[in-house]
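Comments concern the structure below.
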Number of protein chains: 2
Amino acid sequence: MTLDARKKLILESIIKDYVETAEPVGSRTVVKKHALNISPATVRNEMADLEEMGYLEQPYTSAGRIPSQMGYRYYVDCMMEKEALSDKEIEILQKILQDNIHEWNEVIEKVSYFLAQVTSYASFVIFPSVSLSHFKYLQILPIEENKALVIAVTDSGLIMHRKIDVPESVTPGDLETIGKAMNKVFSGRRLNDISRSDLRMIRDSLRRRKKFIDKVLDAVEYILTTSEEERLVISGTLNILNEPEFKDLEKLKKILALLDEGVLFKSIVPEDVTDEVEIRIGTENKIEGVKEISLVVSGYNTLGQRGKIGVIGPIRMEYWKAAGTVETVGKILEEILKERF
Amino acid sequence: MTLDARKKLILESIIKDYVETAEPVGSRTVVKKHALNISPATVRNEMADLEEMGYLEQPYTSAGRIPSQMGYRYYVDCMMEKEALSDKEIEILQKILQDNIHEWNEVIEKVSYFLAQVTSYASFVIFPSVSLSHFKYLQILPIEENKALVIAVTDSGLIMHRKIDVPESVTPGDLETIGKAMNKVFSGRRLNDISRSDLRMIRDSLRRRKKFIDKVLDAVEYILTTSEEERLVISGTLNILNEPEFKDLEKLKKILALLDEGVLFKSIVPEDVTDEVEIRIGTENKIEGVKEISLVVSGYNTLGQRGKIGVIGPIRMEYWKAAGTVETVGKILEEILKERF
DNA sequence: TATTAGCACTCTCATTAGTTGAGTGCTAAT
DNA sequence: ATTAGCACTCAACTAATGAGAGTGCTAATA
């Protein structure tokens, strides 16, 4: 279904105005703010049409109109132009990242923080699980009297380590032998392809020092399981306190709980995202309890996998700004990660 | 100043009641709930006395009384008996910790979470800075074509690492030589005693490979500076949404901002804490803007230093429960850390 | 002298009624 | 097709009223 030019203009006016003020928009306001040379009465007729078509709704008889979910959807799909980040903002972001490129951990935190600041919504960055990376290198490093460090490096450049006890009877030479043997089996394989039975096989092939080898394998297994989790960072949670729609404590509680609990939060982020920005408005998000939020999310590529980045805010959201920002920041994040890691 | 037995009893009744209900307590209620065999009129007289002395206050004429800050202080100092954790709860905590003893990181997170759950206030754990630990061991480990890993281990058992680029011209043998030389200078020294001039000295003593050595030193410096920060974990932030005193959005915003910003939060935690539980009520906390919170905090020992653990909640707090819980959980945390790390 | 019953008084909270004003929908004129 | 005009609607604000909880004081009592 397509709308004629004037209806589009009116719809857009109402959306822009309502997003800004959070108040229902009346016909007079539409005419004044956007300097149309038609009368309020005409606008009223158009608005009545738009309401009938489902793009607008009225909180109560004789209030102004507010965009319906469908109205936002139409705007986003058919009319929206993404608003780009200003050069200045891009510069700021790049400066932030140049100063703090030590760990990918830090990078995603800074990026998320920046995104929240710029959009003034809550933002998130999901860094993909490393379990699809390949094992590159494993070493058992004696570090003190009875301790050694099991160090694993993946081809994506991630480093994981874990401390283990070493019995008296095990010599540094033993450690080297064991390390080499394991390296042979593991190297080049995907982390999540290494199963318990592989671990058992190694255990059997190395006849001596069984007990100790078990310890090493435990450490490896620990490394494998922890590396399976993707990393989630959320920033700007408090921004939602500024949105009038969450002045109601019950609603606020629900959405804060959502942002507070990583597992819960992940469940509302779409599984498959592309490099294109995707927008989910209100009830398009399938989640228990919280229907009054929108999500703007984009994928980014790193380590041969896809991470996710986006913002979460009220339905009354500046989609144009959010989409443009998420898009650009995602691209920059992707670049930086490629460059550095 | 000491109160006679009956005044104490009445003060306690009012505190317990008000903490539970968040409503001003009237004379009838005191008599009924605590089955005193004196009349409401007598209680009224006593309450008037207590108010004159400053232990109670009246929100308005002819409302019931609520405890003043001074009232809570008197109760905490002269009457309170800490309420111990139940055996069952202790058991649960220990079970949680036995399952998750891999990293001290995890331990403090679990402990903090537990504390928030049990008290239903917001909780925090501060893990001391490791900058006072001693350098134990440093190794430069080649991990792939042109990369090496600088690994540092402290005597407190913490492991830090950082990846660096290695120029073609530097051989594994070089790495070993450099590593050994650095080890000699660093080992046994406190992390925060190692200054830039030490780093420069090393740079000068090793004539060759200056550029590369700079890189290694950069990595070491990075490790030193990041290890200076103490770690802060806050849990149960959302619990404060349940307290009626924070139904006001402005107050809520302030306190959430406080809990959200680590630096800000640390500024209200007392510098010096002992093994004894310390309680700060309301304005006894010197902090801009937020006067309506109380803090219950205790120190715990680890790595030869002192960490802090506690809860933060409204002035209308179950101090008896909070104090007992913080005390016990702190002790258990201390034990676990000693055992494992 | 300490306690208590009785009662007038105070102040909040909830409810109701009245008023205002923004904004609509409809009709008739252009 | 557009618009001026006007009656109508409904939330939001204000004021008035009444109920109820709880006090403080006075005078009676043990």
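Letters A, B, ... are given to chains in the order of the sequence lines, protein chains preceding strands, and every chain is numbered from 1.
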- Once you round it to whole Å, what is the distance between C1' of C/dG23 and OH of A/Tyr18? 16 Å

- Task: Could I get the full list of side chain to side chain donor-acceptor pair (under 3.5 Å) partners for A/Gln58, not counting sequence neighbours?
- Result: none

- In whole Å, what is the span from the OH atom of A/Tyr60 to the C1' atom of D/dT9? 10 Å

- Residue pairs fulfilling ring pair (Phe, Tyr, Trp, His ring centres under 6.0 Å) with at least one residue in residues 241-277 of chain A, sequence neighbours excluded: A/Phe124-A/Phe265

- Query: Any side chain to side chain donor-acceptor pair (under 3.5 Å) pairs touching residues 252-271 of chain B, not counting sequence neighbours?
  - Reply: A/Asn242-B/Lys253

- Listed partners of B/Tyr319 passing side chain to side chain donor-acceptor pair (under 3.5 Å), at least two apart: B/Ser294

- Message: Between A/Ser123 and A/Ser112, does the side chain to side chain donor-acceptor pair (under 3.5 Å) criterion hold? Intermediate values first, please.
- Response: CA-CA 6 Å; A/Ser123 71; A/Ser112 180; 3.1 Å; yes

- So which pairs with a foot in residues 53-74 of chain A pass salt bridge (Lys or Arg N to Asp or Glu O under 4.0 Å), sequence neighbours left out? A/Glu51-A/Arg65, A/Arg73-A/Asp77, A/Arg73-A/Glu284

- Pairs meeting criterion salt bridge (Lys or Arg N to Asp or Glu O under 4.0 Å) with involvement of residues 32-45 of chain B, two or more places apart: B/Asp17-B/Lys33

- Item | Axial bend angle, the helix from C/dT1-D/dA30 to C/dT30-D/dA1: five-pair end segments, nearest 10° | 20°

- Item | A/Glu20: partners by side chain to side chain donor-acceptor pair (under 3.5 Å), with sequence neighbours left out | none

- Query: Who are the side chain to side chain donor-acceptor pair (under 3.5 Å) partners of A/Arg6, not counting sequence neighbours?
  - Reply: A/Glu46

In a table with atom names and distances, give each donor-acceptor pair under 3.5 Å that connects a side chain of residues 310-317 of chain B to protein atoms at least two apart or in another chain.
unit_1, atom_1, unit_2, atom_2, d
B/Arg316, NE, B/Glu245, OE1, 3.1
B/Arg316, NE, B/Glu245, OE2, 3.0
B/Arg316, NH1, B/Val19, O, 2.4
B/Arg316, NH2, B/Glu243, OE1, 2.8
B/Arg316, NH2, B/Glu245, OE2, 2.8

- Message: I need the CZ-C1' distance between B/Arg6 and C/dT4, as an integer number of Å.
- Response: 12 Å

- Query: A/Lys7 has an atom NZ; how far is it from atom C1' of D/dT2, in whole Å?
  - Reply: 14 Å

Under-3.5 Å N/O pairs linking protein and nucleotides 28-30 of chain C:
none

- Could you encode protein contacts along nucleotides 14-30 of chain D as a string, one character per nucleotide from 5' to 3', using B for base contact, S for sugar-phosphate-only contact and - for no contact, with a heavy-atom cut-off of under 4.0 Å? --------BBB------

- Task: Might you confirm whether atom CG of B/Asp87 has over 12 heavy atoms from other residues, nucleotides or ligands at distances under 6.0 Å?
- Result: no

- Message: Let's see if you can work this out: which of D/dA11, C/dT4, D/dT2 has an atom nearest to the side-chain heavy atoms of A/Thr42?
- Response: D/dT2

